[in-house]
Student: 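Let me give you the structure first, and then I'll get to my questions.
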Amino acid sequence: MSMDFTLGRDAIARLCDRVEAAQQGAYAIPKLTDDYPNMTIGDGYAVQLELRRRFIAQGHRQVGWKAGLTSKAKMIQMGVNVPSIGFLTDRMARPESSAIKTSDLVHPRVECEVAFVMKKGLKGPGCTRQDVLDATDYVLPAVEIIDSRFSGFKFDLPSVVADNGSSARFVGGGRARYPADIDLRTLGVVMEKNGEIATLGASAAVLGHPAEAIAMLVNILAELGEELPAGSFVMSGGITEAIPVKPGDSIVARFQELGSVSMRFIE
Ligand code: 0L1
Ligand code: MG
């Protein structure tokens, strides 16, 4: 991915105002490229970095990162062809088995992901799947609740990157395992909504191996002049397509070898 930056500070601040207000007010906005048609993916990351700077200034604590759009199913669902990354903060974390409010979200969807907790930091470029596995403390099952702030999920990559990869909430749980003890490539996952199977898949859907998505994330961070610190919680991307949820829905994500993660949604 070549990272071109074309927007000036004023435009970045204006676009960040829009995304921040839409996230905090839980309303949908048109995609940013309607007004800035020449906006690049690099510009999207410049807006995302400004959003992260503002959240941290407001007291949010960054706990890690997420890779997004890492499976063919998600790329097809969303009409894009390149993965993305976003940051995760303490304000997005929700406990396992909890009730998650939807009134502060626009149109939430859930997806099953493998999360990695790093014992060593990683720095790109050139980070590989093996580097990731060597630096991983343990993996655990997670559900990401994404919430694109764009009307009707109509967006392109620069817009979705600026919106922090649609990040909204996440829930980790189940059973932590050492990566050497399981075959991370062939983990089966079943997502149930209200007791019925909503979608299922296998972890190889994520770029062939979930650790590959973490390596990609580290290499994108390098293009932004950043690295992945030890202790980070990193989500590797949805294994299946994302499933819409509304108040009253309950979700159980069952992962082979890793146990299950559940939550319900309320008004
Ligand atoms: O986590 C992700 O795969 C990012 C998704 C971004 C697009 C969407 O809102 O589905
Ligand atoms: Mg995701």
Student: Side chains of Leu88 and Trp65: does their closest heavy-atom pair fall under 4.5 Å?
Tutor: no
Student: Within the distance-only criterion (no hydrogens, no angle test), does the side chain of Ser159 pair as donor or acceptor with the backbone N or O of Leu32 below 3.5 angstrom?
Tutor: yes
Student: Not counting sequence neighbours, which residues clear salt bridge (Lys or Arg N to Asp or Glu O under 4.0 Å) with Arg109? List them please.
Tutor: none
Student: Can you sort out the partners of Thr186 under side chain to side chain contact (heavy atoms under 4.5 Å, CB included), two or more places apart, ordered by chain and number?
Tutor: Asp183
Student: Please collect all side chain to side chain donor-acceptor pair (under 3.5 Å) contacts where either partner lies in residues 89-99, sequence neighbours excluded, each pair once.
Tutor: His60-Arg91
Student: Quick one: which residue pairs count as a side chain to side chain donor-acceptor pair (under 3.5 Å) with a foot in residues 12-22, not counting sequence neighbours?
Tutor: Arg14-Tyr36, Asp17-Arg54, Arg18-Asp35, Glu20-Arg54, Glu20-Gln58
Student: If you measure from OG1 on Thr136 to CD1 on Ile214, what distance do you get to the nearest 0.5 Å?
Tutor: 7.5 Å
Student: Flag the pair Leu105 / Ile145 as yes when at least one side-chain heavy-atom distance between them is below 4.5 Å, and no otherwise.
Tutor: yes
Student: Who passes side chain to side chain contact (heavy atoms under 4.5 Å, CB included) against Ala213, sequence neighbours left out?
Tutor: Ala67, Thr70, Val206, Leu207, Ser236
Student: Could you pull out the closest heavy-atom pair between Ala222 and Gly124, with the gap in Å?
Tutor: CB-C, 3.4 Å
Student: Only counting residues at least two apart or in another chain, list the ones meeting side chain to side chain contact (heavy atoms under 4.5 Å, CB included) with Gln130.
Tutor: Thr128, Leu133, Asp134
Student: Please assess Leu69 against Val82 for the test side chain to side chain contact (heavy atoms under 4.5 Å, CB included), listing each intermediate value before the final yes or no.
Tutor: CA-CA 7 Å; Leu69 300 167; Val82 187; over 6 Å; no
Student: Keeping to residues at least two apart or across chains, list the salt bridge (charged side-chain N to carboxylate O under 4.0 Å, His left out) pairs with something in residues 197-217.
Tutor: Arg129-Glu212
Student: Any sub-3.5 Å donor-acceptor pair from Ser232's side-chain atoms to Val234's backbone N or O?
Tutor: no
Student: According to side chain to side chain donor-acceptor pair (under 3.5 Å), who are the partners of Lys31, at least two apart in sequence or on a separate chain?
Tutor: Asp34
Student: Using the salt bridge (Lys or Arg N to Asp or Glu O under 4.0 Å) criterion, which residues pair with Asp249? Sequence neighbours excluded.
Tutor: Lys193, Lys246
Student: List in chain and number order the residues that pass side chain to side chain donor-acceptor pair (under 3.5 Å) with Thr40, two or more places apart in sequence or in another chain; answer none if no residue qualifies.
Tutor: Asp43
Student: Step by step, would you call Phe170 with Phe233 a ring-ring contact (aromatic ring centres under 6.0 Å, His included)?
Tutor: CA-CA 11 Å; Phe170 62 89; Phe233 174 88; 5.2 Å; yes
Student: Where the side chain of Glu113 meets the backbone of Gly237, is there a donor-acceptor pair that is under 3.5 Å apart?
Tutor: yes
Student: Does any non-hydrogen side-chain atom of Leu15 lie less than 4.5 Å from one of Leu7?
Tutor: yes
Student: Are Lys101 and Glu267 close enough for a salt bridge, meaning some N to O gap below 4.0 Å?
Tutor: no
Student: Checking Lys66 side chain against Gly165 main chain: does a donor-acceptor pair fall under 3.5 Å?
Tutor: yes
Student: What heavy-atom pair brings Ile239 and Val189 nearest, and what distance separates the two atoms?
Tutor: CD1-CG2, 3.7 Å
Student: Less than 4.5 Å apart, any side-chain heavy atom of Phe265 and any of Ile251?
Tutor: yes
Student: Minimum heavy-atom separation for Lys154 and Phe150, please, with both atom names.
Tutor: O-CB, 3.6 Å
Student: What is the distance from atom CE of Met78 to atom OG of Ser166, rounded to the nearest 0.5 Å?
Tutor: 7.5 Å
Student: With Ala215, which residues qualify under side chain to side chain contact (heavy atoms under 4.5 Å, CB included), at least two apart?
Tutor: Cys127, Val132
Student: Counting only N and O atoms by type, is there a donor-acceptor contact under 3.5 Å from the side chain of Arg177 to the main-chain atoms of Glu257?
Tutor: yes
Student: Check whether any side-chain N or O of Gln62 sits under 3.5 Å from a backbone N or O of Gly64 as a donor-acceptor pair, and report yes or no.
Tutor: yes
Student: Shortest non-hydrogen contact from Met216 to Ile85?
Tutor: CE-CG2, 4.0 Å
Student: Looking at Ser203 and Leu184, would you say the former's side chain and the latter's main chain have a donor-acceptor pair under 3.5 Å?
Tutor: yes
Student: With the side chain counted from C-beta on, respond yes when Phe255 and Ser260 share a heavy-atom pair under 4.5 Å apart, and no when they do not.
Tutor: no
Student: Looking only at atom types and distance, does a side-chain atom of Asn194 sit under 3.5 Å from a main-chain N or O of Ser250, one as donor and one as acceptor?
Tutor: yes
Student: Of all the heavy-atom pairs spanning Gln256 and Gly188, show the shortest one and how long it is.
Tutor: OE1-N, 2.6 Å
Student: Rounded to the nearest 0.5 Å, how far does CD1 of Ile146 lie from CG of Asp163?
Tutor: 10.5 Å
Student: Tell me the closest heavy-atom pair linking Arg149 and Ser167, and the distance in Å.
Tutor: NH2-O, 2.8 Å
Student: Are the charged groups of Glu111 and Lys74 less than 4.0 angstrom apart, N to O?
Tutor: yes
Student: Measure from the side-chain N and O atoms of Asn219 to the backbone N and O of Gly126, and report whether any donor-acceptor pair falls under 3.5 Å.
Tutor: yes
Student: Is any side-chain heavy atom of Leu258 closer than 4.5 Å to one of Leu140?
Tutor: no
Student: Could you go step by step and tell me if Tyr45 and Ile220 meet the side chain to side chain contact (heavy atoms under 4.5 Å, CB included) rule?
Tutor: CA-CA 10 Å; Tyr45 280 112; Ile220 293 180; 3.9 Å; yes
Student: Show the numbers, then the answer: is there a side chain to side chain contact (heavy atoms under 4.5 Å, CB included) between Val19 and Leu51?
Tutor: CA-CA 8 Å; Val19 169; Leu51 186 69; 4.1 Å; yes
Student: With a 4.5 Å cut-off on side-chain heavy atoms, are Leu224 and Met3 touching?
Tutor: yes
Student: Please check: side-chain N/O of Glu227 versus main-chain N/O of Lys123, any donor-acceptor pairing under 3.5 Å?
Tutor: no
Student: Is the shortest heavy-atom distance from the side chain of Met191 to the side chain of Ile197 under 4.5 Å?
Tutor: no
Student: Hydrogens and angles aside, do Gln23 and Asn164 bring a side-chain donor and acceptor to less than 3.5 Å of each other?
Tutor: no
Student: Say you draw a straight line from OG1 of Thr33 to CE of Met39; how long is it, rounded to the nearest 0.5 Å?
Tutor: 7.5 Å
Student: Just verifying a value: how many Å separate Ile41 CD1 and Leu157 CG, rounded to the nearest 0.5 Å?
Tutor: 4.5 Å
Student: How far does CE of Met92 sit from CZ of Phe55, to the nearest 0.5 angstrom?
Tutor: 6.5 Å
Student: My understanding is that only residues two or more places apart in sequence, or in another chain, count here; which of them pass salt bridge (Lys or Arg N to Asp or Glu O under 4.0 Å) with Arg53?
Tutor: Glu50
Student: Relative to the ring of Phe153, is the ring of His107 parallel (under 30°), tilted (30 to 60°) or perpendicular (over 60°)?
Tutor: parallel
Student: Tell me whether Lys72 is salt-bridged to Glu241, with the criterion being a basic N under 4.0 Å from an acidic carboxylate O.
Tutor: no
Student: Using the side chain to side chain contact (heavy atoms under 4.5 Å, CB included) rule, take Tyr178 and Val139 through it: C-alpha gap first, then chi angles, then the decisive distance, then the call.
Tutor: CA-CA 6 Å; Tyr178 294 118; Val139 295; over 6 Å; no
